[in-house]
Protein chains: 2
Amino acid sequence: MNTRMSADDRRELVLQAATRAFAQGGYAGTSTDKVAREAGVSQPYVVRIFGTKLELFLEVFERSTLRIRDAFAEVVDDPTFDPTAEDAREQLGLAYTALLADRDLLQVMMHGFSGGGHEEIARSARACMARIFETVRRTGWSDDEVRDFVAHGMLINVMLAMRAPEHVDEDPQIAALAACAFGDALEFLT
Amino acid sequence: MNTRMSADDRRELVLQAATRAFAQGGYAGTSTDKVAREAGVSQPYVVRIFGTKLELFLEVFERSTLRIRDAFAEVVDDPTFDPTAEDAREQLGLAYTALLADRDLLQVMMHGFSGGGHEEIARSARACMARIFETVRRTGWSDDEVRDFVAHGMLINVMLAMRAPEHVDEDPQIAALAACAFGDALEFLT
DNA sequence: GGCGTAAGTAATCATTCAATGCCTTCCAAG
DNA sequence: CTTGGAAGGCATTGAATGATTACTTACGCC
């Protein structure tokens with residue numbers, strides 16, 4: 001039997017569990033029961049906290065993508081950051097690869113992006129993408145440069161979702177792509 | 001009541017319907033019943049044809065991504081194609097934007113890529129990615145150039161999945177990103 | 001023209017899933 | 001001590017869903 005907990009603390013705990021669960025299965029592929037078991041709580045309780053599975057997912061998605069946006073913002077808004085420097089792009093990229101330590105965030109983002117089945121998820125995804133684009137834009141880079149940066153991020157997400165890093169030894173093509181997509185960060189990915 | 005049809009023809013028809021259905025909802029978010037209704041056929045019949053929902057999805061995914069690969073191959077293997085030309089990248093990009101006419105192919109690819117929940121889907125996704133990467137590589141471009149090209153494709157997929165083209169007028173950031181992601185092709189996207 | 005095989009469906013089943021309602025238990029204030 | 005509110009589980013339910021089985025109907029071939 002779990003000890004009692006303040007509602008806010010429990011809510012936070014369930015959110016973390018849901019992030020893990022949704023990162024694996026996406027919205028449709030994850031049951032509230034799975035989230036509940038992951039959180040060590042009864043299934044009806046998780047839907048009671050969030051009202052609806054959709055609302056839970058939206059909250060997980062929103063907070064995950066905001067976390068990602070913040071990681072960029074921290075670099076971009078740093079006064080010592082020089083967007084015109086030779087390695088500026090690499091520097092911002094580091095902020096992203098640092099997120100690889102918690103793959104769940106990126107996977108949740110990915111699932112939200114491709115979960116366009118529900119209009120509400122698609123809307124939230126657009127808002128998230130807009131926020132991230134705006135943040136990277138603050139570097140002053142050209143729109144094409146920003147686009148290339150964001151696109152590279154999407155490739156990383158996809159490669160991560162298909163578990164490419166864990167299977168580089170099975171396919172030389174995947175190995176080559178993973179090498180130039182993840183760069184030095186590849187070695188840290190299992 | 002529908003007229004009888006040869007098994008192969010019916011199979012093809014169901015595959016097309018399934019492509020439409022899966023493009024919308026992804027693997028987990030699409031029921032075999034939905035596919036059946038889309039195909040104008042009974043639900044037990046579609047699972048009888050393909051044995052299992054997973055096998056159906058894998059076949060839809062495989063054929064969709066092969067179609068995409070072929071679109072690239074047609075350009076790359078064309079003897080008149082000059083990979084060192086100034087507009088070579090744009091030329092190959094055209095092969096991709098041409099696929100936008102049938103958004104379903106790209107959406108199915110997207111869902112397969114992010115559907116890493118099932119190991120079998122993830123494996124198929126890696127194989128698909130490997131094939132596409134290998135094809136674009138045949139241009140002789142550097143791996144980094146190929147990576148950038150593929151990454152741009154992923155961004156297009158994501159933007160499409162979140163229905164960005166239909167909502168450019170709601171968010172200036174999305175509008176800017178869509179403008180430089182889709183280029184001239186944007187006007188043809190509703 | 002009848003017969004065998006293939007095309008297709010209706011009925012049904014066992015699960016799974018999201019959601020609701022009611023009950024229990026703990027803690028804090030009076 | 002007791003009482004009330006909040007934390008949280010339990011039982012349940014109705015709808016979906018994937019899959020199986022048995023049955024029916026059309027068509028090609030002799």
Side-chain angles (χ1 to χ4, degrees), chain A residues 1-61 108 111-112 115 117-121, chain B residues 1-61 108 111-112 115 117-121:
Chain A
M1 186 72 76
N2 262 341
T3 65
R4 287 290 174 94
M5 198 175 284
S6 100
D8 281 352
D9 288 353
R10 182 66 75 188
R11 184 187 169 89
E12 172 62 26
L13 197 146
V14 172
L15 274 173
Q16 290 176 12
T19 302
R20 261 172 282 144
F22 281 132
Q24 265 206 336
Y27 173 66
T30 304
S31 65
T32 56
D33 188 72
K34 197 170 182 111
V35 171
R37 274 200 302 272
E38 181 84 25
V41 117
S42 74
Q43 177 266 336
Y45 195 43
V46 12
V47 9
R48 173 135 101 188
I49 295 179
F50 298 95
T52 240
K53 181 185 167 184
L54 182 60
E55 292 181 70
L56 169 58
F57 180 81
L58 288 175
E59 190 158 339
V60 166
F61 177 71
V108 163
H111 278 123
H118 285 71
E119 181 51 36
E120 302 215 43
I121 296 181
Chain B
M1 188 69 75
N2 262 341
T3 65
R4 288 286 174 100
M5 196 176 286
S6 99
D8 281 352
D9 287 353
R10 183 65 78 187
R11 185 189 169 88
E12 172 61 26
L13 197 147
V14 172
L15 274 173
Q16 289 175 12
T19 301
R20 260 171 283 144
F22 281 132
Q24 264 208 336
Y27 172 68
T30 305
S31 65
T32 56
D33 188 71
K34 197 171 182 113
V35 171
R37 275 200 302 272
E38 181 85 23
V41 116
S42 74
Q43 179 265 339
Y45 195 42
V46 10
V47 8
R48 169 134 106 188
I49 296 178
F50 297 95
T52 238
K53 181 185 165 185
L54 180 60
E55 291 182 71
L56 170 58
F57 180 80
L58 288 175
E59 189 157 340
V60 165
F61 176 70
V108 163
H111 278 121
H118 284 72
E119 182 50 37
E120 301 216 43
I121 296 180

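Per chain, numbering begins at 1; letters A, B, ... match sequence-line order. The structure presented is a predicted model; accordingly, all values stated were derived computationally and were not measured.
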Output the rounded distance in Å from CZ (B:R10) to C1' (C:dA6). 13 Å
Atom-to-atom span, NZ of A:K53 to C1' of C:dC17 - whole angstrom: 8 Å
Taking C:dA19, D:dG9, C:dT9 as options, the one with an atom nearest any side-chain atom of A:Y45 is D:dG9
Whole-Å distance separating the CD atom of B:Q43 from the P atom of D:dA19: 9 Å
For A:T30 and A:A21 the tightest heavy-atom approach is OG1-O, 3.4 Å
Taking OP1 and OP2 of C:dT25, is either one under 4.0 Å from a side-chain nitrogen or oxygen of A:R4? no
Begin with the C-alpha distance, continue with both residues' side-chain angles, and end with the deciding distance and a verdict on side-chain contact (heavy atoms from CB on, under 4.5 Å) for B:I49 and B:L56. CA-CA 9 Å; B:I49 296 178; B:L56 170 58; over 6 Å; no
Nearest 0.5 Å, please: how far is CZ in B:R37 from CG in B:D33? 4.0 Å
Under 4.0 Å from OP1 or OP2 of C:dA18: is there any side-chain N or O of A:T32 that close? yes
Take B:P44 and A:K34, find for each the nucleotide of DNA chain C with the closest heavy atom, and name the residue whose nucleotide sits nearer the 5' end. B:P44
For the pair made of CG in B:L56 and C1' in D:dT17, what is the distance, rounded to whole Å? 15 Å
At 4.0 Å (heavy atoms only), tell me whether A:S42 reaches a base, stays on the sugar-phosphate, or touches nothing. base
Given atom CZ of A:R11 and atom P of D:dA7, what is their separation to the nearest angstrom? 12 Å
DNA chain C: 5'-proximal contact among A:D33 and B:R48 (nearest heavy atom): B:R48
More than 12 heavy atoms of other residues, nucleotides or ligands under 6.0 Å from NZ of A:K34: is that the case? no
If you compare every side-chain N and O of B:T52 against the phosphate oxygens of D:dA19 (OP1, OP2), does one of them come in below 4.0 Å? yes
Rounded to the Å, how far apart are A:D8 CG and D:dA7 C1'? 12 Å
Which whole-number value in Å describes the distance from A:F50 CZ to C:dA19 P? 13 Å
B:E55 CD to D:dA19 C1', in whole Å, measures 13 Å
A:M5 has its side chain closest, among D:dG8, D:dA19, C:dA19, to D:dG8
Crowded around A:E120 CD? As in, over 12 foreign heavy atoms under 6.0 Å? no
